[in-house]
Amino acid sequence: MWRIWRWTHWTVWRICILFALSLTCVSFILRYNHSMPTHLENRALSFVDLEDVAQYGIDSLSTAEQRENLNSTELIRNSYICPSRPKRLTGKLNVQGIFSEHTWAEIIEKNADISEGGRYAPPDCIARNRVAIIIPLRNRDSQLRVLLSHMHPIWKRQDIQYRVFVITQNGNGIFNRAKLLNAGVAEARRDAIYDCYVFHDVDLLLEDDRCLYWCHEPNPRLVASLVDKFSYVPLSYRAKCRIVEQGNDLFEKTMRSILWGPVITYFGGVSMITAAQFDEVNGLSNLYWGWGGEDDDLFLRLSALGYEVDNPYGQKCSFRMIRHDHESANAENEGRHALLRHASKRMQNEGYNTLRYKVESYKEERLYTNITVDVGHPSKYMTDFISKAAEAWFKCFIEVPWRTSH
Ligand code: UDP
Ligand code: MN
């Protein structure tokens with residue numbers, strides 16, 4: 001009896017070992033004997049997926065023409081996609097001393113490898129991300145100087161291919177950050193294909209270059225997740241009026257963050273979104289004149305479509321904010337909570353597809369492209385609505401006639 005048991009026991013073991021060995025063999029064969037994926041064949045170079053080139057090598061490009069094109073591209077000296085971890089990162093940065101004034105000439109000299117218009121591409125590899133960095137601006141030129149002096153070297157070390165678009169609002173009318181960002185996307189699209197857009201406040205300085213300005217799937221990213229001004233406590237969106245539409249279950253998110261750790265409910269400061277995601281939510285709402293609300297509206301649009309906001313680099317994404325006062329032409333929008341109430345209902349009818357602006361001037365500076373735009377002004381009704389300080393609960397019951405408001 002004992003012998004029969006032992007025999008069965010060993011036979012079972014032998015079968016298992018044989019099975020494991022054959023599995024390993026098959027996986028090796030599959031791994032090293034792959035052929036070129038058929039979807040790469042006959043594709044124009046501009047649509048060659050960099051991930052495919054990285055995975056299958058440059059030889060996987062099917063036609064001689066494709067290979068020739070790729071080799072002759074100035075960008076590709078070694079014909080390699082940039083490593084998934086950039087090699088020149090330095091880690092934590094000292095942001096203390098950088099407020100000292102550098103002149104534009106000094107900054108330009110230190111960044112001689114940035115091309116006219118604030119363009120850059122890594123010299124020795126193909127960037128994984130083509131990023132349009134969009135900065136809304138008015139009367140903060142000294143902050144722009146500090147920002148670019150600090151960030152250009154970081155972006156270069158991060159191996160991204162990028163261009164800096166500064167979108168300046170003309171005149172002294174009420175500020176509209178969201179319209180400037182929408183206009184930034186429109187201008188970037190006119191320029192080239194970008195994989196993702198960064199919406200970048202001018203006063204936020206990154207404290208660790210391992211927080212990469214790279215797009216990530218499947219969700220949009222909050223880059224400035226911890227800011228010194230807010231004691232590095234994660235910010236959250238707080239609705240003062242009940243959010244009417246479906247898909248914004250903040251209660252569920254709150255419960256989840258209690259149970260499983262923080263869930264990001266904020267999308268301001270520095271945030272990143274892919275071109276496809278931007279189109280899905282129809283960009284930003286143009287209705288937020290003055291300070292506040294436009295970033296929460298974008299958050300609500302995204303979350304209505306089931307997106308979460310990610311922060312793949314965790315604590316490394318910390319920022320210092322250059323201290324400033326609030327401008328009188330960017331006064332707090334007192335009607336923002338009421339507007340937010342129906343954020344996702346308006347999404348497909350108001351946003352990028354209803355954007356109107358006029359380019360006043362277009363200038364390629366050495367470290368950025370400055371586009372000065374006229375974004376118009378709010379209607380009389382809207383001006384009254386957003387400037388009158390009424391109790392939030394009272395405004396919550398008024399629906400803004402947004403079709404005539406911009
Ligand atoms: N901004 C600007 N000029 C203004 C108002 C705002 O350039 O008069 C831009 C600038 O990029 C700034 C962003 O809009 O970082 C957000 O405004 P602000 O910094 O006042 O808001 P905060 O996030 O500090 O409350
Ligand atoms: Mn600020």
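Counting starts at 1 for both ligands and their atoms, following the listed order.
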Note: ligand 1 atoms sitting under 4.0 Å from heavy atoms of Leu137 are 7 (O)

List every atom of ligand 1 that sits less than 4.0 Å from any heavy atom of Pro136, numbering the atoms from 1 in the order shown and giving each element. 7 (O), 9 (C), 10 (C), 11 (O)

Might you point out which heavy atoms bring Ala127 and Gln161 nearest each other, and give the distance in Å? CB-N, 3.5 Å

The Mn ion (ligand 2) - name of the N/O/S atom of Asp203 that sits closest to it: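 The atom in question is OD2.
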
For the ring pair [X] and [Y], is the centre-to-centre distance below 6.0 Å?
| X | Y | result |
| --- | --- | --- |
| Phe165 | His200 | no |
| Trp155 | Tyr213 | yes |
| His152 | Tyr162 | yes |
| Trp289 | Tyr381 | no |

State if [X] counts as touching ligand 1 under the rule of any non-hydrogen atom under 4.0 Å.
| X | result |
| --- | --- |
| Met321 | yes |
| Gln169 | no |
| Ile135 | no |
| Asn330 | yes |

What's the shortest distance from [atom] to any protein heavy atom, and which residue and atom give it?
| atom | result |
| --- | --- |
| atom 25 (O) of ligand 1 | Trp291 NE1, 2.7 Å |
| atom 20 (O) of ligand 1 | Arg140 NH2, 2.9 Å |
| atom 8 (O) of ligand 1 | Glu327 CD, 3.1 Å |
| atom 14 (O) of ligand 1 | Phe175 CE2, 3.6 Å |
| atom 2 (C) of ligand 1 | Arg138 N, 3.5 Å |

Side chain, backbone, both or neither: the part of [X] lying under 4.0 Å from ligand 1 by heavy atom:
| X | value |
| --- | --- |
| His324 | side chain |
| His326 | side chain |
| Asp201 | both |

Any side-chain to backbone donor/acceptor pair from Thr369 onto Gly117? Under 3.5 Å, distance only. yes

Does Asp203 reach ligand 1 with a nitrogen or oxygen that is under 3.5 Å from one of the ligand's nitrogen or oxygen atoms?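 Yes; at least one N/O pair falls below 3.5 Å.
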
Checking side chain to side chain contact (heavy atoms under 4.5 Å, CB included) for the pair Asp201/Leu147: CA distance, chi angles, key distance, verdict? CA-CA 9 Å; Asp201 278 6; Leu147 178 84; over 6 Å; no

Under a 4.0 Å N-O cut-off, is there an ion pair linking Arg346 with Asp297?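 Salt bridge present between Arg346 and Asp297.
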
Does the distance from a Lys or Arg side-chain N to an Asp or Glu carboxylate O, for Glu360 and Lys358, drop under 4.0 Å?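 Salt bridge present between Glu360 and Lys358.
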
State whether a side-chain donor-acceptor pair under 3.5 Å links His216 with Asp310.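 Absent: no donor and acceptor within the cut-off.
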
